[in-house]
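In what follows, a single structure is set out as structure tokens and then discussed.
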Amino acid sequence: MRVRFAPSPTGALHIGGARTALYNWLLANGPAGEGAAGRRGSFVLRIEDTDRERSTEANVEQILDALSWLGLDWDEGPLSQIANTPRHRMALAQLLAEGHAYHSSADAEVVRAYKERHGADRGFRGTPEASGAVRLRVPDDGVTSFTDLVRGEVSFPNASMDDPIIARADGSVLYNFAVAVDDLDEGITHVVRGEDHISNTPKQLLVFNALGAEPPRYAHLPMLLGADGKKLSKRHGAASVQELRDRGYLPEAVNNYIALLGTGFAPDEEFFTMAEMAERFRLDRVSRSPAVFDEQKLRHLNGMHLRALPVDELTRRLEQFTGRSGLRAAVEISREKIQTLADFWPLAGFLFDGPRTDPDALAKVLGAAGARDVLTEVRQRLAALEVFDAHAVEQQLRAVVAERGLKPGQVFQPLRVAIAGTTVSPGIFETVAVLGRDRTVALIDRALAG
RNA sequence: GCCCCCAUGGUCUAGUGGUUAGGACGCCUCCCUUUCACGGAGGAGAUCGCCGGUUCGAGCCCGGCUGGGGGUACCA
């Protein structure tokens with residue numbers, strides 16, 4: 001099995017493209033491979049850059065960067081489609097010579113006029129000219145069909161198809177022609193791509209036909225939509241892979257989540273590693289209907305992956321994300337409470353930068369009846385502690401709760417606000433322990449004085 | 001307009017002739033360190049888009065319709 005991911009560098013790698021790349025990767029790394037049990041297939045990366053106007057080197061870099069971050073490594077490439085121009089021209093000359101293609105100066109205007117005469121369901125058929133763009137000859141009748149690996153039989157009546165333009169008047173080839181030639185040359189066995197390519201498939205099939213070659217198998221993945229049910233775009237928030245990375249999502253979680261948008265790996269389980277997904281992925285299990293991207297669920301899954309990481313590894317990632325160091329102790333007590341890397345600093349940053357300033361929290365919690373009194377007692381008890389760890393801190397705080405007949409929060413919240421500056425922090429006992437006796441006492445004093 | 005694809009709670013999915021239609025996210029209630037999150041216990045939420053047909057029996061099979069999506073470029 002030989003698959004490929006062929007993005008066009010006209011923008012950043014979007015979630016839809018990422019999922020296409022992921023599914024191809026899963027196929028190449030899974031047990032699939034038709035008969036070749038346990039044998040890894042190969043994954044080719046090809047940059048579809050025949051549109052010289054819109055393709056940029058910066059976009060290529062961004063796509064490569066996003067794929068690397070996701071861990072979707074490829075075996076061959078990145079191949080540049082434009083680099084294969086000589087071969088494209090040869091194939092084009094062959095089709096022209098054999099009468100499978102012809103020059104035509106007909107433009108959109110001419111095609112429209114043609115349809116007005118012949119009916120909207122009649123595909124355009126031009127007459128050969130000496131020069132002009134090159135059109136592929138589509139049979140007048142019959143159907144061009146294929147067995148889509150996710151959708152089953154799909155067929156297009158030839159009569160309804162226009163003779164597609166496969167090369168511009170200047171001789172440069174167009175997408176539908178270049179892809180077919182490249183897929184053939186690269187020995188691609190399975191083309192797995194977005195559903196937006198489904199109507200391109202018959203054209204490419206016709207190119208294979210004209211070339212007298214056996215086409216690969218095709219599979220078209222359902223679209224990914226935004227929350228409004230529209231095709232995913234920049235308007236939908238974090239639509240590109242780098243945006244997701246910048247917002248603190250883990251590549252493990254992004255892969256896991258986008259894989260779920262389109263297929264299930266088990267009836268009652270959703271947390272999977274790449275290896276598990278590769279092991280279980282099957283094209284015939286892929287959904288045929290479009291899916292809506294839901295960041296809430298991504299967040300949840302991210303939290304799961306985050307917690308599945310060893311503390312040292314999570315610390316390493318958080319240090320890279322925040323640009324700070326010495327985070328391990330804070331990470332250890334915060335990991336249960338964050339869902340993304342970006343959640344960490346707002347929760348635990350005060351451990352390094354000192355309490356935050358939240359006047360409302362201060363006024364409300366420390367202004368509550370008896371709060372300062374409670375805090376004063378807490379201070380004395382903590383200051384007198386011999387062994388200063390989370391367990392000892394908890395004992396003291398609970399003693400205050402019990403002896404005064406208060407609710408836990410009436411003791412914990414004033415303390416929390418005193419040391420964190422807000423009502424938000426990791427678990428209070430652990431936080432106090434990490435802070436240490438001296439800093440804790442000093443912070444309480446400061447709060448009581450303020 | 002024309003061609004193609006699709007249709008299970010708000011969202012993602014499981015379910016391929018007989019199930020109280022399963023799970024997850026989200027939402028609500030309660031518990032846990034009155035936050036946040038995790039975990040736990042409950043709950044609301046689906047006439048399986050609609051109408052016919054096949055069948056003893058249909059979410060599952062067939063047809064039509066409606067709705068949504070994709071394509072319709074000398075873009076990819």
Side-chain angles (χ1 to χ4, degrees), chain A residues 6-10 48-55 81 104-108 111 115 119-123 132-135 148 150-151 154-157 159-162 164-176 178-179 194-202 220 222-223 225 227 229-231 257 260-271 285 287-301 303-304 307 334-339 343 346-347 361 365 394 397-398 401 407-413 416-417 420 422-431:
Chain A
S8 86
T10 53
E48 222 86 276
D49 53 3
T50 47
D51 184 345
R52 305 315 287 163
E53 302 292 306
R54 300 191 303 156
S55 301
Q81 185 160 57
S104 163
S105 63
D107 55 14
V111 171
K115 291 190 187 245
D121 57 342
R122 303 307 296 176
V134 178
R135 283 184 187 268
D148 189 290
V150 350
R151 285 152 216 280
V154 178
S155 53
F156 295 77
S160 70
M161 270 190 270
D162 291 335
I165 295 186
I166 56 178
R168 301 183 178 91
D170 66 7
S172 59
V173 298
L174 259 27
Y175 172 74
N176 278 124
V179 198
E195 192 201 317
D196 48 340
H197 281 292
I198 202 164
S199 52
N200 284 326
T201 307
H220 291 93
M223 297 276 92
L225 276 25
K230 296 278 168 51
K231 193 173 177 178
Y257 178 67
L260 252 21
L261 292 177
T263 193
F265 295 90
D268 51 17
E269 208 184 330
E270 298 199 316
F271 180 99
R285 300 277 311 163
S287 162
R288 279 139 308 232
S289 53
V292 173
F293 179 79
D294 176 17
E295 193 170 343
Q296 296 248 56
K297 188 158 182 177
L298 203 211
R299 277 189 68 83
H300 176 261
L301 219 38
M304 294 182 73
R307 262 165 254 114
S334 303
R335 57 190 311 220
E336 290 291 303
K337 296 176 181 292
I338 59 176
Q339 288 186 303
D343 292 344
L347 178 74
V365 177
E394 176 167 10
L397 294 184
R398 290 205 185 278
V401 170
K407 298 182 111 180
Q410 290 178 290
V411 175
F412 305 154
Q413 284 303 82
R416 193 192 305 278
V417 169
T422 72
T423 57
V424 179
S425 83
I428 192 70
F429 317 132
E430 294 80 0
T431 299

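Quick note on labels: first sequence line is chain A, next is B, and so on, each numbered from 1.
Only the P atoms considered, B/U54 is 15 Å distant from B/C62, to the nearest whole Å. Nucleotides B/C28 and B/A37 have their P atoms positioned 11 Å apart, rounded to a whole Å. Comparing the C1' positions of B/A7 and B/C51 gives an interatomic distance of 15 Å, to the nearest angstrom. Nucleotides B/G45 and B/U8, compared at atom C1', are 14 Å apart to the nearest Å. Between B/G59 and B/G15, the distance separating the two C1' atoms is 8 Å to the nearest Å. As rounded to the nearest Å, B/G9 and B/G49 have C1' atoms that lie 14 Å from one another. Spacing of C1' atoms, B/A21 relative to B/U16, comes out at 14 Å, to the nearest Å. Nucleotides B/C65 and B/C75 place their C1' atoms 35 Å apart, quoted to the nearest Å.
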Inset, instruction - Please assess A/V365 against A/R416 for the test side-chain contact (heavy atoms from CB on, under 4.5 Å), listing each intermediate value before the final yes or no. - result: CA-CA 9 Å; A/V365 177; A/R416 193 192 305 278; over 6 Å; no
Legend entry - Pair A/K115-A/D162, salt bridge (charged side-chain N to carboxylate O under 4.0 Å, His left out): steps then yes or no: CA-CA 10 Å; A/K115 291 190 187 245; A/D162 291 335; 2.9 Å; yes
Legend entry - Working for side-chain contact (heavy atoms from CB on, under 4.5 Å), residues A/H220 and A/V150: CA-CA 7 Å; A/H220 291 93; A/V150 350; 5.8 Å; no
Legend entry - Working for salt bridge (charged side-chain N to carboxylate O under 4.0 Å, His left out), residues A/D343 and A/R299: CA-CA 11 Å; A/D343 292 344; A/R299 277 189 68 83; 2.8 Å; yes
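Nearest to the side chain of A/L260, among B/C12, B/U33, B/A76, sits B/C12. Closest to the side chain of A/R285, from the set B/C38, B/C12, B/G15, is B/G15. Each of B/A76, B/U35, B/U33 was ranked by its minimum atom distance to the side chain of A/F412; first place goes to B/U33. In this structure, of B/C74, B/C12, B/U33, it is B/U33 that holds the atom nearest to the side chain of A/R416. Distances were taken from every side-chain heavy atom of A/A120 (C-beta onward) to each of B/A76, B/C2, B/C12; the shortest belongs to B/C2.
At whole-Å resolution of the value, CE in A/M304 and P in B/G39 are 7 Å apart. B/C74 atom C1' lies 14 Å from atom CZ of A/R54, rounded to whole Å. Atom CD in A/E430 sits about 15 Å away from atom C1' in B/U35, given to the nearest Å. Rounded to whole Å, atom C1' of B/C38 lies 6 Å from atom CZ of A/R307. B/A73 atom C1' lies 15 Å from atom CD1 of A/I166, rounded to whole Å. Across the protein-nucleic acid pair, A/Q81 atom CD and B/A76 atom C1' stand 9 Å apart, rounded to whole Å. Between A/M223 atom CE and B/G70 atom P there is a gap of 8 Å when expressed in whole angstrom units. Put simply, CE on A/M161 is 17 Å from C1' on B/A73, counting in whole angstrom units.
Across all strands shown, A/N200 has heavy atoms under 4.0 Å from base atoms, whether or not it also approaches the sugar-phosphate. When heavy atoms are screened at a 4.0 angstrom cut-off, A/T423 is found touching base atoms of the nucleic acid. Heavy atoms of A/E48 sit under 4.0 angstrom from primed sugar atoms or phosphate atoms, though from no base atom. Residue A/G119 is out of contact with every strand shown, counting any heavy-atom pair closer than 4.0 Å. Using a 4.0 Å heavy-atom criterion, one finds that A/A169 contacts the bases of the nucleic acid, with or without backbone contacts as well. Heavy atoms of A/H220 sit nowhere under 4.0 angstrom from any nucleic acid atom. Looking at heavy-atom distances under 4.0 Å, A/Q410 makes contact with a base. As judged by a 4.0 angstrom heavy-atom cut-off over every strand, A/V292 is placed among residues touching the sugar-phosphate backbone only. Among the heavy atoms of the strands, none lies under 4.0 Å from A/T431. As judged by a 4.0 angstrom heavy-atom cut-off over every strand, A/Y257 is placed among residues making no nucleic acid contact.
With a cut-off of 3.5 Å on both pairing distances, the Watson-Crick or G-U wobble partner of B/C61 is B/G53. The partner of B/A37, taking Watson-Crick or G-U wobble pairs whose two distances both stay under 3.5 Å, does not exist in any strand shown. In this entry B/C74 has no Watson-Crick or G-U wobble partner, no candidate having both defining distances under 3.5 Å. Base pairing of B/A21 is not made with any nucleotide, judged by Watson-Crick or G-U wobble geometry with both donor-acceptor distances under 3.5 Å. B/C27 and B/G43 make up a base pair, with Watson-Crick or G-U wobble contacts both under 3.5 Å.
When side chains are defined from C-beta on, A/F293 counts as touching A/L298, because their heavy atoms get closer than 4.5 Å. The shortest side-chain heavy-atom distance between A/N176 and A/P164 does not fall under the 4.5 Å cut-off. At a threshold of 4.5 Å between non-hydrogen side-chain atoms, the residues A/V154 and A/T201 do not count as touching.
Environment of CZ in A/R122: sparse, with no more than 12 heavy atoms of neighbouring residues, nucleotides or ligands closer than 6.0 Å.
Judged by distance alone, the side chain of A/Y257 and the main-chain N or O of A/D294 form a donor-acceptor pair under 3.5 Å. Looking at A/R307, its side chain never comes within 3.5 Å of a backbone N or O of A/K337 through a donor-acceptor pair. In this structure, A/D49 contributes its side chain and A/P9 its backbone to no donor-acceptor pair below 3.5 Å.
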Identify all pairs in which a protein N or O lies below 3.5 Å from an N or O of nucleotides 4-6 of chain B, and state each distance.
from	atom 1	to	atom 2	distance (Å)
B/C5	O2'	A/R151	NH1	2.4

Using nucleotides 24-27 of chain B, report all nitrogen or oxygen pairs with the protein that are shorter than 3.5 Å.
from	atom 1	to	atom 2	distance (Å)
B/A24	O2'	A/E270	OE1	2.6
B/A24	N3	A/K297	NZ	3.0
B/C25	OP1	A/H300	NE2	3.1
B/C25	O2'	A/K297	N	3.3

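How far CZ of A/R151 is from CZ of A/R288: 8.0 Å, rounded to the nearest 0.5 Å.
Annotation: of the two residues near RNA chain B, A/R335 and A/S55, the 5′-most nearest-nucleotide partner is A/R335.
Distances shown here put every side-chain N or O of A/S425 at or beyond 4.0 Å from the OP1 or OP2 atom of B/U35. Side-chain N/O atoms of A/R122 include none lying less than 4.0 angstrom from OP1 or OP2 on B/G1.
Ion pair A/R54/A/D51 flagged as a salt bridge, since at least one NZ, NE, NH1 or NH2 atom sits closer than 4.0 Å to an Asp/Glu carboxylate oxygen.
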